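Residue numbers run from 1 in the order of the sequence given. Predicted model only: the values in this text are computed from it and were never measured.
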Amino acid sequence: MLRSKLRSLLLGSGAAIVMTGTALSPATAAASPAPGDVSAAAGYWSCTIPAGYTYTQVQSTLSCSTTGFAPRYYVVPPSDGLWACTIPAGYTYTATQSTMSCSTTGFSTSYRLRAL
């Protein structure tokens, strides 16, 4: 008796979640970031860094290589005031800091960007 009540309760909860789509479906619409916005919404995870972009974080992952661990970068467009792991063309830096965000093996340098 207890088992059947538990089963019906779980099935009922699962049906409610599927019907509303709240637990399993991610948000499909996101607001576009404003020009120059350096929020997390402006970037994406990638196995490579495209020309003209920089990155703000790196992780070691198995998804970027078929033979073992490889870096995966959080790629963002450069902008003034952004703390970045590389200095892209057309930018310089105004400050540096030691961080663990830019390396998978320990501390490295992060740069506060300023357009030339």
A.B. asks: Identify each donor-acceptor pair in which a side-chain atom of residues 46-54 lies under 3.5 Å from a protein atom, sequence neighbours left out, and give them as a table.
C.D. replies:
unit_1 : atom_1 : unit_2 : atom_2 : d
S46    : OG     : T48    : N      : 3.1
S46    : OG     : T48    : O      : 2.7
T54    : OG1    : T86    : N      : 3.4
T54    : OG1    : T86    : O      : 3.1
T54    : OG1    : T86    : OG1    : 2.6

A.B. asks: Specify the closest pair of heavy atoms between R114 and T94, including all atoms of both residues, with the distance to one decimal.
C.D. replies: NE-CG2, 3.6 Å
A.B. asks: Mind checking what makes side-chain hydrogen bond (donor to acceptor under 3.5 Å, both in side chains) contact with Q97, not counting sequence neighbours?
C.D. replies: none
A.B. asks: Please list all pairs meeting side-chain hydrogen bond (donor to acceptor under 3.5 Å, both in side chains) that have one or both residues in residues 101-110, counting only residues at least two apart or in different chains.
C.D. replies: T99-S101, S103-T105
A.B. asks: Any idea which heavy atoms bring P71 and V58 closest together, and the distance?
C.D. replies: CB-CG2, 3.7 Å
A.B. asks: Would you compute the distance between atom CG of L82 and atom CZ of R112 and round it to the nearest 0.5 angstrom?
C.D. replies: 8.5 Å
A.B. asks: For S63, what residues pass the side-chain hydrogen bond (donor to acceptor under 3.5 Å, both in side chains) criterion, not counting sequence neighbours?
C.D. replies: T61
A.B. asks: Does some side-chain heavy atom of Y74 sit less than 4.5 Å from a side-chain heavy atom of Q59?
C.D. replies: no
A.B. asks: Do L62 and F69 make a side-chain contact, defined as non-hydrogen atoms from C-beta onward lying under 4.5 Å apart?
C.D. replies: yes
A.B. asks: Who clusters with W83? Use side-chain heavy atoms, under 4.5 angstrom, across I, L, V, M, F, W and Y, and order the result by chain and number.
C.D. replies: none
A.B. asks: Could you list who else is in M100's hydrophobic cluster, with ILVMFWY side chains joined at under 4.5 Å, directly or through other members?
C.D. replies: F107
